Colleague: 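Take this structure, written in structure tokens, and hold onto it; I'll ask about it next.
Proteins come first, then strands; the chains are lettered A, B, ... in the order of their sequence lines, and each starts at number 1. It should be emphasised that the depicted structure is a prediction, and the values quoted were computed from it without experimental measurement.
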Amino acid sequence: MRLIDWLDERLEIRKLIKVTLIDYKVPKNINFLWSFGMLLVLMFAILFISGLFLLMYYKPDSNLAFDSVNKTIMMDVSFGWLFRHVHAVGASIVFLLLYIHIARGIFYGSYKPPREVVWITGYILFVLFSATAFTGYLLPWGQMSYWAAQTITTLFEKIPFIGPDLVIWIRGDYAVADATLTRFFALHVVFLPVLIMIVMAIHLYSVRVVGSNNEDGKPIDKKKEGVPFWPVFMSKEFFVMTVFLLFFFFLVFYKFDFAMDRVNFEPANPLQTPTHIYPEWYFLAYYEVLRGFFFSQNLGLIAFALSMVLILFLPWLDKSPIVSGKNRPLFQIAFWIFILDFLVLTVLGKLPPTGLYAWIGLIASLIFFGFFISLPIIAKIEKKQLEGEKK
Amino acid sequence: MKELKIFLIIVGLVLVGYYGIEPFAHHEMYGGLPKPDFNYLDLKYDIDIKGNPQNGENLFKQNCQSCHSLKTKNLKAMMDENTAMQAFNVVPPDLSNIAAIVEKHFLFNFIKNPQNATKNPKFAMPPMSQLSDQQIVDIIAFLEKTAKKEITGEKILEDACTRCHSVKYQKIKAFTHPENLKKYLGKVPPDLSLKGRSKTKEYLEAFINNPQAVLPGTSMPRLGLKKESTEKVITYLQEISDPHKEERNKIGLWVLGYMLIGVFLTYAWKKKVWQKIK
């Protein structure tokens, strides 16, 4: 008790805890899907710590990187393999958490006023996590690392005017090479994590200001309804966390192949293209949108770029006054089609883009955009219905 | 109940997605491997005569020892390794255990016509057309006598692979100098340290059994390994490419057990806290 008094005098620690955790009232009618935000904080911490230990042995040099990962870390350092497994599986699973977190936001309308800033900062976090995953994937310098980086950086070539120069600027060379590895390394271990922490702080702050959304989408009376974030909400959160960690460590120890592709255990070879190049699963859907418009590369690229940014504009595409999808039957149909479509795109992204798969890919890509087009229409219909009821 | 429903929907979607991007996609991409044929039935000559190992020993000295050693019998090759490497661009193998590693019918056809048996027109050993069928069978009988009955995957790797392949994480360098290998095969063969991890068991089996059928144009010769030797060498490759597997499986159980206790404890606390609510 002494220590906390001492701290309280100097830092007003009690007040800080009261304001941030105890006075922070969370609605009672939220299900476990609202736990994914804190799960993501947890996952980021796990990635940060496991990454730190990997950093102690990793060598960012195209001649040393592969062996430093696959020999030193995986074979020689005590529990080096554990840290790599945790980091690799964590980097993959963090996207599963992100997607569930985002889907929850979409379904219950968590992007609607007054939560636009929560949505925007969340979107920025998604982009930052994607960039971190992409730069980090190059570091083991395996075949898939190399060719995925080569393929994705080539996409920038098509940007009008600055494209070709931009690609060389990103790579630091005419092809992916040592210079690319070192700059991706710098971005992955310093720049991007620092940015993530800053934006995460803003994201959490903005949630604290406007409060959590809930299943019904109706704002709560914070004095009467709501339960304190600490300890009531967190007691449930800890339960969700342990269940999640049970699943996570099962993957880490027994089912890690999905996050550590076999092909990447071959050292990078610029002279030999692998038979199949594919991104990690969390980028497959966008990759499929890129390939979906198989008859025109430029159209594919535009669609690819759009597919990644459209979601940012949800608050302005969907202006329906009804917040939660729970009370919006039309929206629910669109939502579930969108979710299934995203799943189909993800699977197709890994399959060879030939024959029937190419056509399904095109249709699935169109449905993907269909969701965003349907939103303003559904909003309009709902507005009319509401007006009709009032009369 | 409602939360359980949501949970089950998520589990369902994740499982379908997992099936799609892992087993299904991998089958679509890498499936269709040719079935390995460990009897090498495409080779035409069949042996139906019995061999005489004594004759075989003499024939070995006359016909094989100029290039090949036989360490178990203290027979040294007349040509030392360096000279052989300069002449053929590859070090000829020691034949002590060859009969334990290679299938008999293949070995017979191989001695008759190495280029045909290995499906590699550049294979360094010349056809032994001076030998009669009986003489070849005698040599094989002799080699069978010298070969160890029980042979480990590590030894098979050494006898069958490391003339051309390095295994640098095991500190094994290819016996032949990389420059010579480049001249012989057109490129330096890949290191085998992580092949047990970068390739599936099925792929390695099909590839070692018949390289040309899996990767047309590859410079890897068919070596005629028995089913048993193929399996042993693959198991060994898997062990060296994933040396912590046992440790991982063991620690995993402890970690999962720990987490499971955590699930019960956190659930109990949650119950306690939420009792007062509502």
Colleague: How close do B:Pro36 and B:Phe38 get, heavy atom to heavy atom, and via which atoms?
Modeller: CB-CE1, 3.7 Å

Colleague: Any salt bridge linking A:Lys255 with B:Glu22? Criterion: basic side-chain nitrogen under 4.0 Å from a carboxylate oxygen.
Modeller: no

Colleague: Compare all side-chain heavy atoms of A:Thr242 with those of B:Leu265 and state whether any distance is below 4.5 angstrom.
Modeller: no

Colleague: Between B:Lys245, B:Lys271, B:Glu247, which residue shows the highest count of heavy-atom pairs closer than 4.5 Å to chain A?
Modeller: B:Glu247

Colleague: Report the option among B:Met259, B:Glu28, B:Arg248 that has the most heavy-atom pairs separated by less than 4.5 Å from atoms of chain A.
Modeller: B:Arg248

Colleague: Is it true that B:Glu205 and B:Lys201 have a side-chain N and a carboxylate O under 4.0 angstrom from each other?
Modeller: yes

Colleague: Can you find a pair of side-chain heavy atoms, one from B:Lys155 and one from B:Lys232, that are under 4.5 Å apart?
Modeller: no

Colleague: May I ask you to list the residues in residues 212-225 of chain B that approach chain A closer than 4.5 angstrom, counting heavy atoms only, ordered by number?
Modeller: none

Colleague: If I measure from the heavy atoms of chain B, does A:Met74 come under 4.5 Å with its side chain, its backbone, both, or neither?
Modeller: both

Colleague: So does A:Leu33 get a backbone contact from the side chain of A:Asn31, meaning a donor-acceptor N/O pair under 3.5 Å?
Modeller: yes

Colleague: Going by heavy atoms in the side chains, are B:Thr152 and B:Tyr236 under 4.5 Å from each other?
Modeller: no

Colleague: Check whether any side-chain heavy atom of A:Leu345 lies under 4.5 Å from a side-chain heavy atom of A:Val289, and answer yes or no.
Modeller: yes

Colleague: Sub-4.5 Å heavy-atom contacts with chain B: which residues of residues 277-286 of chain A show up?
Modeller: A:Tyr278, A:Trp281, A:Leu284

Colleague: Below 4.5 Å from any heavy atom of chain B, which atoms of A:Leu348 appear? Answer side chain, backbone, both or neither.
Modeller: neither

Colleague: Give a yes or no answer on whether the side chain of B:Trp274 reaches the backbone of A:Val232 with a donor-acceptor pair at less than 3.5 Å.
Modeller: yes

Colleague: Can you confirm whether or not the ring centre of B:Tyr30 sits under 6.0 Å from the ring centre of A:His276?
Modeller: yes

Colleague: Side chain, backbone, both or neither: which part of B:Lys2 has a heavy atom under 4.5 Å from chain A?
Modeller: side chain

Colleague: A:Asp216 and A:Ser324: side-chain hydrogen bond (donor to acceptor under 3.5 Å, both in side chains), yes or no, with the steps?
Modeller: CA-CA 6 Å; A:Asp216 300 321; A:Ser324 172; 6.0 Å; no

Colleague: Could you look at A:Val227 and say if it's the side chain, the backbone, both or neither that has a heavy atom under 4.5 Å from chain B?
Modeller: side chain

Colleague: Ignoring hydrogens, what is the shortest heavy-atom contact between A:His85 and A:Met260? Give both atom names and the distance.
Modeller: CD2-CE, 3.7 Å

Colleague: Measure A:Asn269 against the heavy atoms of chain B and call it side chain, backbone, both or neither at under 4.5 Å.
Modeller: neither

Colleague: Given a strict heavy-atom distance threshold of 4.5 Å, which part of A:Leu82 is in contact with chain B: side chain, backbone, both, or neither?
Modeller: neither

Colleague: For B:Ile208 and B:Pro211, which heavy atoms make the closest approach, and how far apart are they?
Modeller: O-CD, 4.0 Å

Colleague: If you look at every heavy atom in B:Pro114 and B:Phe123, which pair is closest and at what distance?
Modeller: CB-CD2, 3.8 Å

Colleague: Give a yes or no on whether the backbone of A:Ile30 and the side-chain of A:Asn214 come within a donor-acceptor separation of less than 3.5 Å.
Modeller: no

Colleague: Between A:Leu246 and chain B, which part of the residue has a heavy atom less than 4.5 Å away: side chain, backbone, both or neither?
Modeller: both

Colleague: Identify which part of B:Asp191 has an atom lying under 4.5 Å from any heavy atom of chain A, answering side chain, backbone, both or neither.
Modeller: neither

Colleague: With a 4.5 angstrom heavy-atom cut-off, is it the side chain or the backbone of B:Leu4 that approaches chain A, or both, or neither?
Modeller: neither

Colleague: Taking C-beta and beyond as the side chain, do A:Ile22 and A:Phe229 meet within less than 4.5 Å on heavy atoms?
Modeller: no

Colleague: Quick check on B:Ile10 against chain A: is it the side chain, the backbone, both or neither that has a heavy atom closer than 4.5 Å?
Modeller: side chain

Colleague: Using non-hydrogen atoms and a 4.5 Å limit, figure out which bit of B:Ile251 sits close to chain A: side chain, backbone, both or neither.
Modeller: both

Colleague: Please report the closest heavy-atom contact between B:Val233 and B:Gly153, naming both atoms and the distance.
Modeller: CG2-O, 3.9 Å

Colleague: Could you tell me which portion of B:Ser241 (side chain, backbone, both or neither) has an atom closer than 4.5 angstrom to a non-hydrogen atom of chain A?
Modeller: backbone

Colleague: Sort out for me which of A:Phe250, A:Phe247, A:Phe258, A:Tyr99 touches chain B most, counting heavy-atom pairs under 4.5 Å.
Modeller: A:Phe258

Colleague: Any idea which heavy atoms bring A:Ser110 and A:Asn213 closest together, and the distance?
Modeller: OG-ND2, 3.0 Å

Colleague: Side chains of A:Glu266 and B:Lys195: does their closest heavy-atom pair fall under 4.5 Å?
Modeller: yes

Colleague: With chain B as the partner, which of A:Leu245, A:Val240, A:Val263, A:Ile339 has the greatest number of non-hydrogen pairs under 4.5 Å?
Modeller: A:Leu245

Colleague: Can you say whether B:Val255 sits under 4.5 Å from chain A via the side chain, the backbone, both, or neither, judging by heavy atoms?
Modeller: side chain

Colleague: Where does B:Lys199 contact chain A at under 4.5 Å (heavy atoms): side chain, backbone, both or neither?
Modeller: both

Colleague: List the residues meeting salt bridge (charged side-chain N to carboxylate O under 4.0 Å, His left out) with A:Arg84, not counting sequence neighbours, and say none if there are none.
Modeller: none

Colleague: For B:Tyr18, which atoms come within 4.5 Å of any heavy atom of chain A: side chain, backbone, both, or neither?
Modeller: side chain

Colleague: I'd like to verify something: which residue of B:Asn249, B:Asp242, B:Leu253 has the highest number of heavy-atom pairs under 4.5 Å with chain A?
Modeller: B:Asn249

Colleague: So which residues of residues 160-187 of chain B are in contact with chain A at a heavy-atom cut-off of under 4.5 Å?
Modeller: B:Lys168, B:Tyr169

Colleague: Please say which of A:Phe233, A:Tyr108, A:Phe107 ends up in a ring pair (Phe, Tyr, Trp, His ring centres under 6.0 Å) with A:Trp34.
Modeller: A:Tyr108

Colleague: Do A:Phe83 and A:Val77 come close enough that some side-chain heavy atom pair is under 4.5 Å?
Modeller: no

Colleague: In the structure I gave you, are the side-chain heavy atoms of A:Leu40 and A:Val94 within less than 4.5 Å of one another anywhere?
Modeller: yes

Colleague: Who among A:Phe249, A:Phe238, A:Phe32 has the most heavy-atom pairs with chain B under 4.5 Å?
Modeller: A:Phe32

